[in-house]
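Before any comments, here is the structure.
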Amino acid sequence: MRAISPQCFSVSAFRRLSSHAAARVDNHRQCITGPTKHTSHLHTEKTEPLISLIKSTSSKPHLLQIHAHLIRNSLFQHPIFFSPFLFDIALPPLHDLGYACRVFSKFSKPDVFQYNIMIRAYGMSDSPGNGFMLYQEMLRDGHQSDGRLLTTLMDFYSSNEKYTEACKVFDDMSHRDTIAWNVLISVYMRNRRTRDALGVFDMMQSSYDCQPDDVTCLMLLQACANLNALAFGERVHRYCEEHGFDKAMNICNALITMYSRCGCLEKAFEVFKGMTEKDVVSWTAMISGLASNGYGRDAIEAFREMQRAGVSPDDQTFTGVLSACSHSGLLDEGRMFFNSMSKEFGISPNIHHYGCVVDLMGRAGMVDEAYNLINSMKVKPDATIWRTLLGACRIHHQADLGEQVIERLIELKAQEAGDYVLLLNIYSSLGDWGKVMNVRKMMKDRGIQTNPACSTIEFRGKIHEFVANDFSHPRKTEIYEMLDEINQQLRIAGYDAETVAELHNVGTEEKQIALSYHSEKLAIAFAVLSTPPGTSIRVAKDLRICVDCHNFAKILSAVYSREVVIRDRNRFHHFREGRCSCNDYW
DNA sequence: GTAGGGTTAG
């Protein structure tokens, strides 16, 4: 049978199809007791083109035409046509909820699938509450909700941030298939319960009737990347190999990202090299991975290699290339790429591109130029770009500009504790203690909450989480004893925490700051305690690492002969034999 | 006489 594409759609062709189909449905009604083999064949022949016509068009005018014809031929109330029609009109890309509601309300007896479509459509709209009402109406009509509908409902709750309800639906399900488990993972990921998401992998594998699929692996790899969970990520990688998922481009690309974000460039590159076909996503993942791990020049070389391979860069590729320049302090190269991006490649700069250039100029000490660049942008500056500049002000002790930047953040109603901490650091580095007091008071008056910074470390497949002065870990006593011992050893080697004037934990009293056990130090102490000598220590931190912890890790890498990899909010810090890949703190 | 639920791969 000839495939029907939207391009060859014509009204006359359509009329022919629908009249055949109408005849067939009438025929079907007449011989409902038992169609012959011949008529059954005829049926498929005549209805399928019409159904595939509905499915293949994403154009609203075509669908409306189809709608009119269905009504004219009394076919509209037939679920075989109504379902795909509703599917097309209610869900993206069209997602015309108003139209879908009108046709849905005219449909005499919607079935579970049709309710399912409408609930999904409501879930994507700004009136999601109606979706739940519709679900209740469906149950009142005597429909039994099946597993697929419950999966939709779970996702529906989850996309409306009702995570408890979403989990409850899952708990109440009598039978869970792979997709239901996958939705549970996505519920956890949206709810920032990334560790719980990883736990689902074990539960799925121990269930006898359903196994993780490629979608499960994609989401888990993303979770591993977020958590710096290298060992878990390797486990998922092996699973992919065992099930043949590792040939798929999206899995490979996710693997490259996972390994890069876990600071394991060799593995990322191995996956990259092994790909038979590489698309712009693969190249960009590799370039960004090199960039964030401090291999700026290699990232730029990879960019050139990509062009030689005939793959065109897109906006995200340039984000990777520009961040390579900013992380490696390549000012001239960065400007060159920024200019060529729009001139040669026709890609107009977005906020991320500007952000990289602001970072680049700011680190180079050109804070005023960076400020002017932000003001000249066609796009509206966001909080992140102001924070980048604020970070530069902190490096170069630019108190006046720092104050102005805080004002911009206040205008955006986006000021966070971390912003005030940067300002505090500027004042304290200038020795302006009066201003320090003012900022503290300002924070108190404005009710700025300090969220404790959190470091995570993976050990034996489990993620261990630490906040500063954390006493919640089961091995807390050993950890604190170990940290004290490490401090003694490092002091012998020249580590001096006392000289550090930086402040980072503003929420606590000054006395506590002096004594504070930063989350990354606790995580490192835990690793030294629980892993054999020589094992690499990999820590992920949700905020920036402070100067003191940076020095701590640097000296520790020599004294304890351990490679230490810390991934903070901005970048990786690789410490080996008393040296850091990023040369200095920033 | 059929449809259908889950993935922002960078």
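Throughout, protein chains are lettered first and strands after them, A, B, ... in sequence-line order, and every chain is numbered starting at 1.
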Item to check | Of the listed nucleotides B:dA9, B:dG5, B:dT7, the one nearest the side chain of A:Val215 | outcome: B:dT7

Next on the checklist: By nearest atom, which of the nucleotides B:dG5, B:dA9, B:dA3 is closest to the A:Phe113 side chain?
Outcome noted: B:dA3

Item to check | Base of B:dG10 paired with side chain of A:Thr284 (donor-acceptor, under 3.5 Å) | outcome: yes

Checklist entry - Just checking A:Val280: base, sugar-phosphate only, or nothing, at a heavy-atom cut-off of under 4.0 Å? => result base

Checklist entry - Are any side-chain N or O atoms of A:Thr319 and backbone N or O atoms of A:Asp315, one a donor and one an acceptor, separated by less than 3.5 Å? => result yes

Next on the checklist: Check this for me: does the side-chain of A:Asp146 come within 3.5 Å of the base of B:dG5 through a donor and an acceptor?
Outcome noted: no

Checklist entry - Closest to the A:Ile179 side chain: B:dA9, B:dG5, B:dA3? => result B:dG5

Next on the checklist: What's A:Met154 touching, base or sugar-phosphate or nothing? Going by heavy atoms closer than 4.0 Å.
Outcome noted: nothing

Next on the checklist: Side chain of A:Thr317, heavy atoms from C-beta onward: which of B:dG4, B:dG10, B:dT7 has the nearest atom to it?
Outcome noted: B:dG10

Checklist entry - So what does A:Asp111 touch, heavy atoms closer than 4.0 Å: a base, only the sugar-phosphate, or nothing? => result base

Checklist entry - Are any side-chain N or O atoms of A:Glu344 and backbone N or O atoms of A:Met341, one a donor and one an acceptor, separated by less than 3.5 Å? => result no

Checklist entry - What nucleotide among B:dG1, B:dG5, B:dA3 has an atom nearest to a side-chain atom of A:Ser83? => result B:dA3

Item to check | d(CD1, A:Ile119; P, B:dA3) in whole Å | outcome: 20 Å

Checklist entry - Where the side chain of A:Asp279 is concerned, which of B:dG5, B:dA9, B:dG10 is the nearest nucleotide? => result B:dA9

Next on the checklist: Show me the pairs that pass side chain to side chain donor-acceptor pair (under 3.5 Å) and involve residues 218-231 of chain A, at least two apart or across chains.
Outcome noted: A:Asn226-A:Arg261

Checklist entry - What is the distance, rounded to the nearest whole Å, between atom CZ of A:Phe272 and atom C1' of B:dG10? => result 11 Å

Next on the checklist: Taking the minimum atom-to-atom distance to the side chain of A:Met219, which one of B:dG5, B:dA3, B:dT8 wins?
Outcome noted: B:dT8

Checklist outcome for this item: Of the listed B:dT7, B:dG10, B:dT8, the closest approach to the A:Gln222 side chain comes from B:dT8

Checklist entry - Is the distance between the ring centroids of A:Tyr239 and A:His243 under 6.0 Å? => result yes

Item to check | Heavy-atom check, side chain of A:Leu153 versus side chain of A:Glu165, under 4.5 Å | outcome: no

Checklist entry - Phosphate oxygens OP1/OP2 of B:dT8: is one of them under 4.0 Å from a side-chain N or O of A:Gln316? => result no

Item to check | Donor-acceptor pair under 3.5 Å, A:Asp314 side chain vs B:dG10 base | outcome: yes

Checklist entry - Taking the side chain of A:Phe87 as heavy atoms from C-beta outward, which of B:dG1, B:dG5, B:dA9 is closest to it? => result B:dG5

Checklist entry - Please give, in whole Å, the distance from B:dA9 P to A:Ile287 CD1? => result 18 Å

Item to check | Residues A:Arg308, A:Glu301: salt bridge by 4.0 Å N-O rule | outcome: yes

Checklist entry - Given B:dA3, B:dG5, B:dT7, which nucleotide is nearest the side-chain atoms of A:Thr151? => result B:dG5

Next on the checklist: Using a heavy-atom cut-off of 4.0 Å across all strands, would you classify A:Asp213 as base, sugar-phosphate, or nothing?
Outcome noted: base

Next on the checklist: Using OP1 and OP2 only, check whether a side-chain N or O of A:Arg190 sits under 4.0 Å from B:dT8.
Outcome noted: no

